[in-house]
Each structure stands twice: as structure tokens, then as C-alpha cells.
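These notes are about the structure you will find just below.
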Amino acid sequence: YPISAPAFEREMDALALINHKFLLPIKGYYSDPLEKAIIYEYIPKGTLYGLLHPEEKNKLSLSKHFEGSTTGPESSLPDWATRQRIAFGVAKALEHLHKCNLVHKDVTSNNIFLEELINGSLKLSPLLADSGILQLASNRSIEDVVEKLGYTAPEVLQTRRYTEKSDIYSFGVVLLELISGKKPMVYIDIDDEDNGQEVTLVSLVAMYCEQMRGRDVMDSVAWDTCPFPEYLNTALKLAMECVSNDTSLRPPMSQVAFVLQGLASNPSPLKSPASTSSFSSM
């Protein structure tokens with residue numbers, strides 16, 4: 001059964017009260033028996049998805065590394081400082097939502113908008129949108145699951161329930177996007193005759209990590225601009241913890257945010273790269 005207009009309005013009023021510097025605020029909404037709309041401020045810089053995937057560059061041969069040339073489209077990809085800032089901001093936004101006992105349900109790079117920290121600067125900061133409104137916006141029953149390929153945690157499809165742990169899984173996929181520069185679904189060439197298949201980024205990265213080839217999944221721009229290789233190793237380890245099939249192994253967002261804070265390009269002089277987290281290299 002669809003969500004009624006009064007229920008939609010109550011949810012919107014409640015969500016509008018949840019404020020955070022890394023959450024895109026709800027400016028208003030429209031609701032009648034046939035249509036519903038949520039109003040946000042226009043963000044001209046677009047989304048993280050648009051930043052990471054400006055062109056269709058997602059085809060991958062199993063005989064090649066993830067990384068590509070830093071000329072052409074990849075040269076416009078963000079540096080490590082930008083990626084770390086975005087990942088940390090989204091992690092803090094999710095940490096805040098979870099402290100408010102709210103599950104986001106739809107963490108994807110398309111729902112992460114980017115704003116300039118200073119007008120005209122190249123420094124981007126994230127704004128996480130659509131918090132807790134997945135079923136509301138799609139006019140579905142609250143028991144319905146709206147699968148987002150590559151992002152939806154496997155247990156959600158089995159239990160039909162979203163939890164904080166499923167948010168953490170989806171965040172882990174976004175972190176893998178930031179590390180690899182690839183989309184959540186990746187097309188793989190099986191042979192030279194254009195035979196291939198589409199697989200999740202999670203499963204593909206897991207395969208590389210099992211082969212002790214974690215370096216191969218890291219985007220070349222991220223690698224070249226990261227001040228310490230240990231940072232990317234730690235970020236990759238953290239992402240794989242987040243997307244573990246065992247929900248008990250997924251770290252809480254407070255721990256995720258703490259680890260990511262220590263991976264900034266200009267670390268505190270009181271911290272060394274080795275002391276930023278307890279995660280080991282892959």
C-alpha cells in the first residue's frame with residue numbers, strides 16, 4: 001500500500017528537524033493524493049557520481065589493472081585530499097543520522113552532492129541527501145525494499161529491512177568508488193571477442209584483495225596524490241570491512257569517521273600514518 005499524504009507530511013516535518021553540516025537540508029515539500037515532491041536547494045556542482053564518472057569508462061579487462069593513464073578523462077578525477085574530505089563528511093553525516101536513530105536507506109554516490117567550501121575554490125565538501133525517504137519518495141509501502149544495484153546490502157534483500165548495518169555496507173561501496181574510480185557495477189571483458197558480464201564492484205575488489213593485489217584496484221590519480229601509501233591501504237581495508245557479508249564485522253560509523261579523519265593529506269603533527277587506525281594493510 002502506498003504511503004498516505006498525512007504520513008508523508010509527518011515524516012517530512014520530522015526529517016526537517018534533523019540538521020547537520022554534511023546533510024542536505026529539506027527546504028520544503030509538496031503533497032497531494034496523487035503526487036509528492038521534496039524541495040532542496042540547487043547544488044550547481046552536482047553529485048559525487050558525476051565527479052567520479054564523467055564518462056563511460058567502466059569497462060574492464062581481467063588482464064589489466066584497475067588503474068589507467070592519468071591523461072584524458074582520468075586526469076580530471078579528484079585528488080586524494082578531495083576524496084578523503086568527501087568520505088569523511090559522508091561518514092559524519094551517517095554517524096549523526098544513526099545517533100538520531102534514523103536509517104538513511106539509500107546511500108549512493110548519486111545522493112552525495114558537492115558544494116564549494118569557498119566560492120570559486122576547488123575544495124569540495126559533501127552534502128548527503130534523501131535521508132530516510134527512499135520509500136516515501138517512491139510512494140511504496142514502508143515494508144518495501146528498493147534495490148540499488150551494487151549498493152544494497154545482501155541481508156536487506158533477505159530480511160526486507162534496512163538497518164544501520166545496511167547503511168554501513170552502502171557507504172563501503174561509495175568508499176570503494178572513491179578509491180577505485182569505478183562504478184558500483186563493473187562490466188568485465190571475459191575474452192577479446194567482447195564477451196563479458198556485469199559484476200558488483202564489491203565482488204571484483206574482493207577477488208583482487210584475495211589475490212593480494214589490492215594496489216591494482218586503486219585509481220592512479222588517488223595513488224599519485226596520496227601523501228602516504230598506507231592511507232590508501234587503510235581506506236581499502238576499511239571499505240572491505242564495511243561491505244563484509246557478516247554484519248557483525250562492519251564497524252560503526254563513528255569508528256569509520258575516526259579512521260577516515262586520520263587519512264587527511266595534512267595530518268596532525270601529533271599523529272603518524274601508522275597510528276591513524278588499527279586496520280592493517282591489504
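Positions are given from 1, in the same order as the sequence printed here. What's counted below: heavy atoms across the whole structure, side chains too, no hydrogens, waters or symmetry copies.
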Residues two or more places apart in sequence or in another chain: which of them pass ring pair (Phe, Tyr, Trp, His ring centres under 6.0 Å) with H20? F22, H96

Is any side-chain heavy atom of I86 closer than 4.5 Å to one of T82? yes

Indicate yes or no: at least one non-hydrogen side-chain atom of K148 is less than 4.5 angstrom from one of V107. no

Only one of V217, L236, L204 passes side-chain contact (heavy atoms from CB on, under 4.5 Å) with L176; say which it is. L236

Side chain proximity check, M185 to T200, heavy atoms < 4.5 angstrom: yes

Heavy-atom donor-acceptor pair, K165 side chain to T247 backbone, under 3.5 Å: yes

Residue that, paired with E177, satisfies side chain to side chain donor-acceptor pair (under 3.5 Å) out of R83, K182, H53: H53

For a 4.5 angstrom cut-off between non-hydrogen side-chain atoms, does K183 reach Y49? yes

Residues forming a salt bridge (charged side-chain N to carboxylate O under 4.0 Å, His left out) with E155, sequence neighbours excluded: R250

Ignoring hydrogens and angles, tell me if any N or O in the side chain of S244 forms a donor-acceptor pair with the backbone of E241 under 3.5 Å. no

Between Y151 and D106, does the side chain to side chain donor-acceptor pair (under 3.5 Å) criterion hold? Intermediate values first, please. CA-CA 8 Å; Y151 290 107; D106 194 17; over 6 Å; no

I want to check something: taking the side chain as every heavy atom from C-beta on, are Y169 and V202 in contact at a cut-off of under 4.5 Å? yes

Is there side-chain contact between P78 and L124, with at least one heavy-atom pair below 4.5 Å? no

